[in-house]
There are 2 protein chains.
Amino acid sequence: MQSICFTSGLYQTEIERLDQLVDRKPSLLKGEFLYQSGEPFTALFAIRAGMVKVFSVNDLSQEVIHGFYVPGDIVGMEAMACQRHEFCAVALDTTSVCALPYPQLTRLAMEVPNLNAQIFSLMSQEIVTGRLHSTILAQKTAEQRLADFVLMMSGRLRARGYEYTQFRLNILHRDVACYLNLTPETVSRIFGKFQKLQLMSWKKKEVLIQDFDALQQIAQSSDQGN
Amino acid sequence: MQSICFTSGLYQTEIERLDQLVDRKPSLLKGEFLYQSGEPFTALFAIRAGMVKVFSVNDLSQEVIHGFYVPGDIVGMEAMACQRHEFCAVALDTTSVCALPYPQLTRLAMEVPNLNAQIFSLMSQEIVTGRLHSTILAQKTAEQRLADFVLMMSGRLRARGYEYTQFRLNILHRDVACYLNLTPETVSRIFGKFQKLQLMSWKKKEVLIQDFDALQQIAQSSDQGN
DNA sequence: CGTCTCCTTGACGTTCATCAAGTATTGTGG
DNA sequence: CCACAATACTTGATGAACGTCAAGGAGACG
């Protein structure tokens, strides 16, 4: 079962031991929380199916979205420091997850060096991802951000063996806007433009990418080049 | 010596074992690199004195600054996933660091649960810090970002027992601009305004904070409130 | 003491947010 | 299963915050 998350560096026997401590949760419905800000931290969550967004809420109770997580991803690592959640994680779709209870996980990690290294690696990757996100917010135009976003989601699905030119993506455009620090209006205008240019379409939760190269070019064009 | 970095959760005997694997480096001069993008990852670095900035370089060879690190901080954790640096770390001042060789560190961590937990905690904290940085870039006005930045640096010095109302900060305003996704011109204008209002001054690398409350208020004002 | 980099100050322009109003889509209860 | 309400998306007109460009002044380093 855990063939997706932690396992790239583990032996079969190690995977089996990991399986034993996994707490397989019932499916979450759209809108249900994995965790909320303020709750004590008890476990990491491995996503098996569906999609999750992680966000915080600012002073004016607007969401600030920090990431969308797909099957194979682990969420919750940001709470290990305080042993308390400062962020919220909510299902965007019917979602199934495995809980990895933290005390048991660390205990097992102390016995299985490969598992410990895997956790380090995942956390390190999360730091890098966060910095990339910052960079995109800071350096790219609205068009670049959107092209980048679509390609990134496609790439992550691809990396995990899913269809990546045409796929269901149950994310509100409003949430995309929020993740990329844009407004829904801007997102709408730019997706409209992309569709007119036959680069891609995103209607009714269905994404279709028609021209990867052109999107890539937009995403990378050296700032005001476009 | 290591009374600053990892040690909050360690016993004396554990600290001593950590001390044994520390590789105490000679001082770095301003402008010298701790590591550069592309180099293999060999060690984490604990900063003992001075200041370090971590950054990446974008397509147009402009720096994107991800953080400034002060004594007591650990840098390099983002490279654990790939075992290769994707970022650069450079001394902004005469800086002294300890290298914590990664293989030895992980080996020791396997024997000392407290140390392992400490590393998890630091990495988790780094994820949170990155998300806060994103949030500031995304949600705050130029004035708020600058007020926030000054208070943050002050707060970090304070947390580590240094002077925090008046202190040396060897960071170019250009680098502050880069970190906060602003231009040097904007930074100059706003610091000029803050000085006129007697909130703070920053001249010749010397920061003086005159009115914490007012800065706090600016940093937090609910967006366009100010 | 001179050069180079950094900082300052002003005038102007651009990107994207805001506001507003209308259309589509989704969800719900009868 | 349909009708209606609520939410999401679209499209246009306007505006503001900050970037860009330019030129002058101060500080730092050799």
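Naming convention: chains lettered A, B, ... in sequence-line order (proteins, then strands); numbering from 1 in each chain. The figures that follow rest on heavy atoms only: side chains count, while hydrogens, waters and symmetry mates do not.
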**Student:** Is Lys193(A) salt-bridged to Glu143(A), cutoff N-O under 4.0 Å?
**Tutor:**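 Yes, this pair counts.
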**Student:** So which protein N/O to nucleotides 10-12 of chain C N/O distances come out below 3.5 Å?
**Tutor:**
| residue | atom | partner | partner atom | Å |
| --- | --- | --- | --- | --- |
| dG10(C) | N7 | Arg189(B) | NH1 | 2.8 |

**Student:** So which nucleotide from dA17(C), dC9(D), dC7(C) ends up closest to the side chain of Thr186(A)?
**Tutor:**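 Looking only at side-chain atoms, Thr186(A) lies closest to dA17(C).
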**Student:** To the nearest angstrom, how far is Gln144(A) atom CD from dC16(C) atom P?
**Tutor:**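 From Gln144(A) CD to dC16(C) P: 9 Å.
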**Student:** Report the residue from Asp73(B), Asn170(B), Leu169(B) that forms a side-chain contact (heavy atoms from CB on, under 4.5 Å) with Met51(B).
**Tutor:**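 Per the side-chain contact (heavy atoms from CB on, under 4.5 Å) rule, the option paired with Met51(B) is Leu169(B), out of Asp73(B), Asn170(B), Leu169(B).
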**Student:** Would you indicate which nucleotide in dC16(C), dA8(D), dC18(D) comes nearest to any side-chain atom of Arg174(A)?
**Tutor:**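 Minimum distance to the Arg174(A) side chain belongs to dA8(D).
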**Student:** For dG19(D), does either OP1 or OP2 sit under 4.0 Å from a side-chain N or O belonging to Thr183(B)?
**Tutor:**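 Answer yes for this pair, as a side-chain N or O of Thr183(B) is under 4.0 Å from OP1 or OP2.
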**Student:** Walk me through whether His66(A) and Ser56(A) qualify under side-chain hydrogen bond (donor to acceptor under 3.5 Å, both in side chains).
**Tutor:** CA-CA 8 Å; His66(A) 296 283; Ser56(A) 51; 3.0 Å; yes
**Student:** Tell me whether the OP1 or OP2 atom of dT10(D) has a side-chain N or O from Lys203(A) closer than 4.0 Å.
**Tutor:**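 Indeed, a polar side-chain atom of Lys203(A) lies that close.
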**Student:** Under 4.0 Å between a Lys/Arg side-chain N and an Asp/Glu carboxylate O for Lys53(B) and Glu63(B)?
**Tutor:**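 Counted as a salt bridge, because a side-chain N and a carboxylate O are separated by less than 4.0 Å.
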**Student:** Roughly how many Å is it from NE2 in His173(B) to P in dA26(D), rounded to a whole number?
**Tutor:**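 Whole-Å distance recorded here is 16 Å.
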**Student:** What integer distance in Å separates Leu146(A):CG from dC9(D):P?
**Tutor:**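 In whole Å, dC9(D) P and Leu146(A) CG are 13 Å from each other.
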**Student:** Between the protein and nucleotides 22-28 of chain C, which nitrogen or oxygen pairs come in under 3.5 angstrom?
**Tutor:**
| residue | atom | partner | partner atom | Å |
| --- | --- | --- | --- | --- |
| dG27(C) | OP1 | Lys30(A) | NZ | 3.4 |

**Student:** For Gly38(A), does its backbone N or O pair with a side-chain atom of Arg84(A) as donor and acceptor, under 3.5 Å?
**Tutor:**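 Such a contact is found between Arg84(A) side chain and Gly38(A) backbone.
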**Student:** If you count the non-hydrogen atoms of other residues, nucleotides and ligands that lie under 6.0 Å from CZ in Phe167(B), is the total more than 12?
**Tutor:**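 Correct, the count exceeds 12.
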**Student:** Return the 5'-most residue of the pair Gly192(B), Leu172(B) with respect to DNA chain C, ranking by each residue's nearest nucleotide.
**Tutor:**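 Nearest nucleotide further toward 5': that of Leu172(B).
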**Student:** side-chain hydrogen bond (donor to acceptor under 3.5 Å, both in side chains) between Asp148(B) and Gln144(B): does it pass, once the steps are laid out?
**Tutor:** CA-CA 6 Å; Asp148(B) 201 289; Gln144(B) 293 176 315; over 6 Å; no
**Student:** Tell me: CG of Asn181(A) to P of dA17(D), nearest whole Å?
**Tutor:**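 My rounded result for the distance is 16 Å.
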**Student:** Give the rounded distance in Å between these two atoms: CG of Leu137(B) and P of dG19(D).
**Tutor:**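 Spelled out: CG on Leu137(B) to P on dG19(D) is 12 Å.
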**Student:** Whole angstrom is fine here: how far is it from CD in Gln139(A) over to P in dT15(C)?
**Tutor:**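 Between P of dT15(C) and CD of Gln139(A): 17 Å.
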**Student:** Between C1' on dC7(C) and CG on Leu182(B), what's the gap in Å once rounded to a whole number?
**Tutor:**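 The distance from CG of Leu182(B) to C1' of dC7(C) comes to 15 Å, rounded to the nearest Å.
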**Student:** Once the angle between the rings of Trp202(A) and Phe149(A) is folded into 0 to 90°, is it parallel (under 30°), tilted (30 to 60°) or perpendicular (over 60°)?
**Tutor:**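 Geometry flag for Phe149(A) against Trp202(A): parallel rings.
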**Student:** Please state how far atom CD in Glu143(B) lies from atom P in dG19(D), giving the value in whole angstrom units.
**Tutor:**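 These atoms are roughly 13 Å apart.
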**Student:** Base, sugar-phosphate alone, or nothing: which one does Asp175(B) contact when heavy atoms must sit under 4.0 Å apart?
**Tutor:**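 No contact.
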**Student:** Check step by step if side-chain contact (heavy atoms from CB on, under 4.5 Å) holds for Ser154(B) and Ile209(B).
**Tutor:** CA-CA 9 Å; Ser154(B) 168; Ile209(B) 301 181; 3.7 Å; yes
